[in-house]
Amino acid sequence: NLPVIYHYAGLSTGVPTLEQIIWHPFDDDSRKFNRRDPISTDEEVEFTGIATLHDNRIYVSRRGPVNLTTTTVLPHNTIMEFSTEGVNTQSIVALNPNFPSLRSAVNPSDVLGYFQPPQRSSSTPDDRFLLAQESSNGFEIRFSIVAILPVVTSNGIEYRPDTRFLNSVGDPNRGDGWLFEEFKFERPVDLAMAGDETGYIFVLDAAKDSLFVFTGDGIEGVAPPPGAGSSRPVVVSFGGTGSGALQFRGPQGVAYAEQIVYVADTGNNRISRFQLNTDFE
């Protein structure tokens, strides 16, 4: 009854093999010399997202009920980093597990890295990540999506808010909506990013039953068609509760490949496919 992450190899060959399993709490390095055996709250912990980095390290978003910051056992609400061998190298303690801000991990529902397929050998290493936070305990979160920028300093790596998404917020000349718009989302459950030249960011909101699309700069919409009289992105976010072609019921997952967006429309028991111009198939 404990949460796990499975690592498979050989998917492209059609013969997948299980390479390793990451367990909570056994692969939490903060429990290594303290409480290695499960305790009563461990079954309430969830792994909610995985982001692969350029060298196959991974970030993992985790959440749970114990978030004390005064003990040697690290809070459940955190982003954990694992090596390619599945060894927990750190948990990012700079992210506050209890109080939402531009540098927090309150009830995290997903983590998204910037290194997306198709991967290329010439890609620049990039350890930045986006983190989705769900409202909890009856309070709304001002910024449900936060962007974190690792910065190498003389004292080690610092994890700072990536504030570049704030530069365009509220500027009508830049767009009509923003990733860092206050109270934009209610329950963001999954994130995705286009690995092609568009760099689009997708946010799936299960409470609003909606899919939001943003440019790589955090402006809502996609690039306007050639010949358009404006360079402002065209808003293509859509959704609403229902079973229609452009509606969802409690969607839980979003993915992108070859200019097609896939949504796991859980409540309607289907996988929906959309082109970026919102034509559906």
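This one's a predicted model, so the numbers in the text were calculated from it and none came from an experiment. Residue indices begin at 1 and follow the sequence shown.
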Non-neighbouring partners of A194 that pass side chain to side chain contact (heavy atoms under 4.5 Å, CB included), sequence neighbours left out: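 In terms of side chain to side chain contact (heavy atoms under 4.5 Å, CB included), with neighbours along the sequence ignored, A194 is linked to D196, T198, Y200, F202, Y256.
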
All side chain to side chain contact (heavy atoms under 4.5 Å, CB included) counterparts of S83, not counting sequence neighbours: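 Testing S83 for side chain to side chain contact (heavy atoms under 4.5 Å, CB included), a comparison that skips the adjacent residues, returns E85, V87, T89.
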
Step-by-step side-chain contact (heavy atoms from CB on, under 4.5 Å) determination, R160 to I148: CA-CA 6 Å; R160 303 173 180 173; I148 302 300; over 6 Å; no

Candidate pair F99 and V106, rule side-chain contact (heavy atoms from CB on, under 4.5 Å), full reasoning: CA-CA 7 Å; F99 302 102; V106 175; 5.6 Å; no

Residues E43, L2; criterion side-chain contact (heavy atoms from CB on, under 4.5 Å); working and verdict: CA-CA 5 Å; E43 293 185 13; L2 296 173; 4.1 Å; yes

Quick one: side chains of residues 225-233, donor-acceptor pairs under 3.5 Å with protein atoms, not counting sequence neighbours, listed by atom name and distance.
| from | atom 1 | to | atom 2 | distance (Å) |
| --- | --- | --- | --- | --- |
| S230 | OG | R232 | N | 3.1 |
| R232 | NE | P172 | O | 2.8 |
| R232 | NH2 | P172 | O | 3.3 |
| R232 | NH2 | D176 | OD1 | 2.5 |
| R232 | NH2 | D176 | OD2 | 3.2 |

Co-members of the apolar cluster containing [X] [side chain, <4.5 Å]:
| X | value |
| --- | --- |
| L191 | L102, L112, Y114, L130, F143, I145, F165, L166, V169, W178, L179, F180, F185, M193, I201, V203, F212, F214, I219 |
| V93 | L74 |
| V151 | L149 |
| V60 | I5, I22, F47, I50, I58, M80, F82 |

Residue Q90 excluded, over 12 heavy atoms near CD under 6.0 Å: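 Counting other residues, nucleotides and ligands, CD of Q90 exceeds 12 neighbours.
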
Spacing of [atom1] belonging to [X] relative to [atom2] belonging to [Y], to within rounding of 0.5 Å:
| X | Y | atom1 | atom2 | answer |
| --- | --- | --- | --- | --- |
| D28 | S91 | CG | OG | 5.5 Å |
| D126 | Q116 | CG | CD | 10.5 Å |
| H7 | I21 | NE2 | CD1 | 12.0 Å |
| T84 | Q20 | OG1 | CD | 8.0 Å |
| N268 | R249 | CG | CZ | 5.5 Å |
| Q133 | S135 | CD | OG | 9.0 Å |

Are [X] and [Y] packed together at the side-chain level, in the sense that at least one heavy-atom pair is separated by less than 4.5 angstrom?
| X | Y | answer |
| --- | --- | --- |
| T69 | P75 | yes |
| P161 | R103 | yes |
| E19 | Y8 | no |

Contact summary for [X] and [Y], nearest pair of heavy atoms:
| X | Y | result |
| --- | --- | --- |
| P97 | N67 | CB-OD1, 3.7 Å |
| V263 | P251 | CG1-CB, 4.0 Å |
| P100 | I141 | CB-CG2, 3.8 Å |
| P65 | T41 | CG-CB, 4.0 Å |
| G49 | D110 | CA-OD1, 3.3 Å |
| G113 | A51 | N-CB, 3.4 Å |

Salt bridge (Lys or Arg N to Asp or Glu O under 4.0 Å) pairs, two or more places apart, involving residues 6-15: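 Of all non-adjacent pairs touching residues 6-15, none passes salt bridge (Lys or Arg N to Asp or Glu O under 4.0 Å).
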
Sequence neighbours excluded - salt bridge (Lys or Arg N to Asp or Glu O under 4.0 Å) pairs with any residue from residues 47-56: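 Salt bridge (Lys or Arg N to Asp or Glu O under 4.0 Å) check on residues 47-56 returns D55-R57.
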
Pairs satisfying side-chain hydrogen bond (donor to acceptor under 3.5 Å, both in side chains), at least one member in residues 205-216, at least two apart: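 Found D209-T241.
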
Pairs meeting criterion side-chain hydrogen bond (donor to acceptor under 3.5 Å, both in side chains) with involvement of residues 183-194, two or more places apart: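 Checked against side-chain hydrogen bond (donor to acceptor under 3.5 Å, both in side chains) - neighbours excluded - the pairs reaching residues 183-194 are E134-R187, E181-K184, K184-E220.
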
Worked verdict on Y159 versus I79 for side-chain contact (heavy atoms from CB on, under 4.5 Å): CA-CA 11 Å; Y159 291 87; I79 298 298; over 6 Å; no

Under a 3.5 Å distance rule, please check whether [X] uses its side chain to pair with a backbone N or O of [Y] as donor and acceptor.
| X | Y | result |
| --- | --- | --- |
| T13 | G10 | yes |
| Y59 | D127 | yes |
| R174 | N167 | no |
| D162 | A147 | no |

Side chains of N155 and T153, donor plus acceptor under 3.5 Å: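 Short answer, no.
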
S109 versus T48, side-chain donor and acceptor atoms under 3.5 Å: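 S109 and T48 do not have a side-chain donor-acceptor pair below 3.5 Å.
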
Common cluster, L246/L204, ILVMFWY with side-chain heavy-atom separation under 4.5 Å: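 The answer is yes; both residues are in one hydrophobic cluster.
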
Same cluster (ILVMFWY, side-chain, under 4.5 Å), V66 and V73: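 V66 does not cluster with V73.
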
Contacts of type side chain to side chain donor-acceptor pair (under 3.5 Å), residue H24, not counting sequence neighbours: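 Scan of H24 (side chain to side chain donor-acceptor pair (under 3.5 Å), adjacent residues dropped) gives D42, R62.
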
